[in-house]
Amino acid sequence: MERPCAWKSYNDTELAQLEELCGNYRTFISENKTERECVRTSVAMAREAGYISLDEAAALGRALTAGDKIYAVSHNKTLMLVNLGTKPLEEGVNILGAHIDSPRLDLKQNPLYEAGDMAYLDTHYYGGVKAYHWVATPLAIHGVVCKKDGTTVDVCVGENADDPVFCVSDLLIHLASDQMKKPAGEAVDHENLDVIVGGRPVVIDEAKDGESKEPVKQLLLDILSEKYDIAEEDFLSAEIEIVPAGAAREMGFDRSMILGYGQDDRVCAYTSLAAQLAVAHVERTSVTLLVDKEEIGSVGASGMTSRFFENTMAEVLELAGEGGGLALRRCLASSRMLSSDVSAGFDQLYADRFEKKNAAFMGHGLCFNKYTGARGKSGSNDADAEYMALVRDIMDEAGVAFQTCELGRIGAGGGGTIAYILAEYGMDVIDAGVAVLSMHSLWEVSNKADVYEAYKGYKAFIERA
Ligand code: MN
Ligand code: MN
């Protein structure tokens with residue numbers, strides 16, 4: 001039952017393909033650290049591959065047919081790609097799904113203050129965050145500021161070599177005797193994750209203009225006004241995310257791994273996207289969903305629980321001449337999905353948190369989780385054995401290295417994905433994905449072989465499921 005390490009099977013051609021894919025993936029996660037950035041870049045890649053927007057498709061003035069490629073975007077944060085196949089949509093579609101939001105610090109709506117001659121931006125953390133990870137490390141600021149005049153200002157500071165970066169201060173060890181006695185979850189207060197953004201006062205002519213009460217904050221506001229044409233009030237309508245600064249890197253002397261921010265779940269999102277774009281002609285229509293808000297429960301208009309997917313499928317069926325409520329219901333119920341999210345890679349340093357026979361090993365290929373959940377599989381989508389048999393056969397036929405796993409040993413914790421949401425339509429869904437180390441840390445680790453096998457597996461799935 002042991003699954004072999006994928007690296008042992010590669011020839012030179014495959015190694016070259018693996019390196020090319022992983023190089024492109026590294027660029028993608030280095031340049032796209034928010035859901036909005038991921039959507040924007042993915043749309044550009046899709047258009048390059050011949051995809052047109054749903055609006056453009058509606059304007060064609062003809063029924064959609066096999067080979068037509070459509071995308072739809074919701075709230076600039078969620079993306080759906082559809083490549084029409086030769087079979088009727090009513091017979092079901094093959095779906096790849098992954099999420100493009102990652103744990104981070106969001107700016108509060110009223111974030112800016114000055115204290116101790118420094119300017120700070122106050123944050124509210126997003127997703128499962130160990131607060132102590134975020135102190136004393138270089139941070140970048142990404143996001144949008146939407147102004148009352150309807151314009152949007154894009155912000156991205158801290159990624160270029162000559163950009164400034166930002167940080168949250170840490171308490172010096174010399175004064176930390178009380179802090180060091182606390183449990184790790186309490187050592188750093190989430191409310192104290194305030195980012196230092198300025199340390200120099202504006203200099204004004206006090207005789208003429210009087211004394212500035214908050215001169216450091218004032219200098220910062222002057223810079224924001226000059227550089228971005230935004231005022232403090234504009235923070236009220238902004239979505240600014242604080243993320244680790246810097247590019248993803250190759251890791252290990254053998255360069256076999258990738259160290260990067262946001263691999264949960266952009267490693268599955270990127271490989272799903274690449275597979276969707278690589279397969280031009282299919283029998284069953286292929287769909288890729290890149291969704292937001294998974295880390296906080298898939299809620300909201302851009303999360304998987306919104307009606308965006310269902311509505312867009314209805315639009316596509318209508319444009320393909322298969323409109324009507326019943327055809328949509330049949331399509332959804334007859335569909336098959338790989339719901340992809342990262343798995344917990346076996347970690348020797350925390351070996352007692354895993355059950356080795358059913359753990360994911362780094363470099364051993366695409367992971368399938370028949371079920372996730374916590375305690376007695378609570379909250380899990382438990383995929384049918386019949387469906388798992390089909391998936392095994394597809395992977396074996398295409399020569400994809402895969403492994404089956406659970407998220408750690410029973411009782412160690414647990415987690416959920418978007419799988420159960422799509423399963424509500426009655427379709428076949430199984431959790432799949434790439435194993436990572438240090439999930440939800442600032443810098444997560446993936447193995448290049450797993451990235452490559454995920455891409456191969458997704459491609460095989462949309463070609464044959
Ligand atoms: Mn995830
Ligand atoms: Mn996660």
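Remember, it's 1-based here, ligands and their atoms both numbered in the order they're listed. The residues of the chain are indexed from 1 along the displayed sequence. Here the structure is a predicted model, which means the values were calculated and not measured.
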Participant: Is the Mn ion (ligand 2) less than 2.8 Å from at least one N/O/S atom of Glu294?
Facilitator: no
Participant: Does His99 bring an N, O or S atom to under 2.8 Å of the Mn ion (ligand 1)?
Facilitator: yes
Participant: Looking only at N, O or S atoms in Asp341, which is nearest to the Mn ion (ligand 1)?
Facilitator: OD1
Participant: Any N/O/S atom of His440 sitting less than 2.8 Å from the Mn ion (ligand 2), backbone or side chain?
Facilitator: yes
Participant: Would you mind naming the N, O or S atom of Glu295 nearest to the Mn ion (ligand 2)?
Facilitator: OE2
Participant: Using the rule side-chain hydrogen bond (donor to acceptor under 3.5 Å, both in side chains), only one of Ser302, Ser306, Ser298 pairs with Asp292; which is it?
Facilitator: Ser302
Participant: Just wondering, more than 12 heavy atoms not from Tyr350 lying within 6.0 Å of its OH?
Facilitator: no
Participant: Less than 6.0 Å separating the ring centroids of Tyr71 and Tyr51?
Facilitator: no
Participant: With carbon and hydrogen excluded and only N/O/S kept, which atom of Asp264 is nearest the Mn ion (ligand 1)?
Facilitator: OD1
Participant: Run through Leu366, Leu18, Thr271 and flag the one making a side chain to side chain contact (heavy atoms under 4.5 Å, CB included) with Val451.
Facilitator: Thr271
Participant: What do you reckon, are the aromatic ring centroids of Tyr455 and Tyr25 less than 6.0 Å apart?
Facilitator: no
